[in-house]
Amino acid sequence: MKNLLLLLLILASLLAKAQESTTYVNVALKNGNSVSGQLLHKSDAEVSILTTDLGTVMLPWSAIESVNVISKQEIHQFANPQPTRYFFAPSAIPLKKGDKYYQNAYFLLNSIQAGLSDHFSFGGGVFVPFALFITPKIGYQVAPKVHVGGGLLFATSLIRDFNFGVGTVYGSFTYGTNEHNFTVNAGLGAVNENTGLGSNDYQWKFASKPMFTISGMTRISKRVLLMTENWIFSTKTVNYDSGTGQYVNTVSAYNGLLSAGARIVGRRYAFDVGLLSPTSSEFSAIPYIACNIKF
């Protein structure tokens, strides 16, 4: 009996030492991606890790930016399936060639984006039953964790005799990885607007001030990333004399649409949930929900 207890104590001690010697790491790659798992081997040429979903992965040092020790609980089982976009605003991280995703928001906004090369993607969609839009985009990695790019957003009406049209050309800067990043977009918008009171003529006019988006995301667990996306844009208010009805002036001012929420991820899908808060509206919080599918 004593020998059996001694043997059990020895086995427990060996098991505890084996668990203590197990090291888990997050390997940040120079292309902006990251891989997490158990460290198996590290040499002058490469790092080998055992991942949850890819098995054993051997990474050359030439592709590695950094190796950081993490706890077992921090291993990311599912990568962010859509690092190229936040709720709607883009990041400068491009889709890879052949990658495609579908997004549905509010059951009315439907869009699809496809990577035609490692740096250029083209997409578009419909906001049923009001508008049709396109969203071509370019993106390049210019340094570790640094992407730059730009694109176009153009929307026009699907309803006959409704002369709706908006567009913007923008540049994009993203710092970070697919799991933790921060993006600033700056662009100049244009609107297809009426040329005058009582007129049926419309023409495109660029805004006098630029518009911006400031967005970010960070992973807090295996399946959850926190996100924020904030639009800052100039609006015009036309003032008329209350007595005579004559035109007085036009005032331009910056307003915004603020948002915060989370992305719940799976292997090839993500659900975005959050709250939108317009700065110039009586609505303090508008629920947002969207589904993203990568294929």
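This one's a predicted model, so the numbers in the text were calculated from it and none came from an experiment. In what follows, residues are counted from 1 in the order of the sequence shown.
- Nearest heavy-atom pair, V224 versus A262, reported as atom, atom and distance to 0.1 Å: CG1-CB, 4.2 Å.
- Here the shortest heavy-atom pairing between L276 and S259 reads CD2-CB, 3.5 Å.
- Aromatic ring orientation, F212 versus Y254: tilted (interplanar angle from 30° to 60°).
- One distance of note links OG of S234 with NZ of K209; it measures 5.0 Å at 0.5 Å rounding.
- Taking CD1 of I293 as the start and OH of Y102 as the end, the distance is 7.0 Å to the nearest 0.5 Å.
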Quiz item: Does the pair T213 and V184 meet the rule for a side chain to side chain contact (heavy atoms under 4.5 Å, CB included), with working shown?
Solution: CA-CA 6 Å; T213 69; V184 176; over 6 Å; no
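- The pair R263-D272 counts as a salt bridge, with a side-chain nitrogen and a carboxylate oxygen less than 4.0 angstrom apart.
- Under a 3.5 Å cut-off, the side chain of N181 and the backbone N or O of T177 do form a donor-acceptor pair.
- The two residues F133 and N110 have their closest heavy-atom pair at CZ-O, 4.1 Å.
- The side-chain heavy atoms of T168 and L152, taken from C-beta on, include no pair separated by under 4.5 Å.
- Both L153 and L109 are assigned to one and the same hydrophobic cluster, defined by single-linkage of ILVMFWY side chains at heavy-atom distances under 4.5 Å.
- Panel note: side chain E229, backbone F87; a donor-acceptor pair is recorded below 3.5 Å.
- Distance check, rounded to the nearest 0.5 Å: CG of L50 to OG of S36 gives 12.0 Å.
- Put simply, the side chain of S215 does not reach to within 4.5 Å of the side chain of M227, judged on heavy atoms.
- In terms of heavy atoms, G149 sits closest to A92 at N-CB, 3.9 Å.
- Ring centroids of F295 and Y101 are separated by 6.0 Å or more, keeping the two rings apart.
- Here the SG-CG distance, from C291 to N104, works out to 7.0 Å after rounding to the nearest 0.5 Å.
- At distances below 3.5 Å, not a single donor-acceptor pair connects side-chain atoms of T84 with backbone N or O atoms of L95.
- For the residue pair S172/N185, the side-chain donor-acceptor check at 3.5 Å is satisfied.
- One N or O on the side chain of R223 and one on the backbone of V265 form a donor-acceptor pair closer than 3.5 Å.
- Contact check for Y170 versus L188: no side-chain heavy atoms found under the 4.5 Å cut-off.
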Self-check item: Residues M211, I232; criterion side chain to side chain contact (heavy atoms under 4.5 Å, CB included); working and verdict
Solution: CA-CA 6 Å; M211 62 182 298; I232 304 170; over 6 Å; no
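- What you find for L225 and E179 is that their closest heavy atoms are CD2-O, 3.5 Å.
- F88 carries R85 over the face of its six-membered ring, with the cationic atom under 6.0 Å from the centre and within 45° of the normal.
- L39 and L59 fall within the same hydrophobic cluster, where Ile, Leu, Val, Met, Phe, Trp and Tyr residues are linked whenever their side-chain heavy atoms come under 4.5 Å apart, directly or through other members.
- There is no path of hydrophobic side-chain contacts, each under 4.5 Å, that joins I134 to V126.
- Looking at T174 and T183, their side chains do bring a donor and an acceptor atom within 3.5 Å of each other.
- L108 and I286 fall within a single hydrophobic cluster, where Ile, Leu, Val, Met, Phe, Trp and Tyr are joined by side-chain heavy atoms under 4.5 Å apart, directly or via other members.
- In this structure the side chain of Q141 never reaches within 4.5 angstrom of the side chain of V146, judged on heavy atoms.
- The cluster map of Ile, Leu, Val, Met, Phe, Trp and Tyr, joined by side-chain heavy atoms under 4.5 Å apart, puts F130 and L257 in the same cluster.
- Annotation: the span from F122 atom CZ to I138 atom CD1 amounts to 14.0 Å, rounded to 0.5 Å.
- Under the 3.5 Å distance criterion, the side-chain polar atoms of K137 are left unmatched by any main-chain donor or acceptor of H119.
- Rounding to the nearest 0.5 Å gives a distance of 5.5 Å between CD of E46 and CE of M58.
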Exercise. With side chain to side chain contact (heavy atoms under 4.5 Å, CB included) as the test, would you mind laying out the steps for H180 and R219 before giving the verdict?
Key: CA-CA 6 Å; H180 310 273; R219 183 184 286 271; 3.9 Å; yes
Practice problem: Start with the C-alpha gap between I49 and T56, add the side-chain angles, then the distance that decides, and say whether side chain to side chain contact (heavy atoms under 4.5 Å, CB included) holds. | Solution: CA-CA 6 Å; I49 63 173; T56 301; over 6 Å; no
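- A donor-acceptor pair under 3.5 Å is absent between the side-chain atoms of K42 and the main chain of L40, judged by distance alone.
- Under the 3.5 Å distance criterion, with hydrogens and angles disregarded, a donor-acceptor pair is assigned to the side chains of T135 and Q113.
- Between P287 and L275, the shortest heavy-atom contact is CA-CD2, 3.9 Å.
- Panel note: side chain W61, backbone S43; a donor-acceptor pair is recorded below 3.5 Å.
- For Y106 and Y288, the gap between ring centers is short of 6.0 Å.
- Looking at Y86 and N230, their side chains never bring a donor and an acceptor atom within 3.5 Å of each other.
- Between the side chains of N80 and N178, no donor-acceptor pair of N or O atoms lies under 3.5 Å.
- When side chains are defined from C-beta on, F120 does not count as touching P94, because their heavy atoms never get closer than 4.5 Å.
- Considering only residues two or more places apart in sequence or on other chains, Y269 meets the ring pair (Phe, Tyr, Trp, His ring centres under 6.0 Å) condition with F271.
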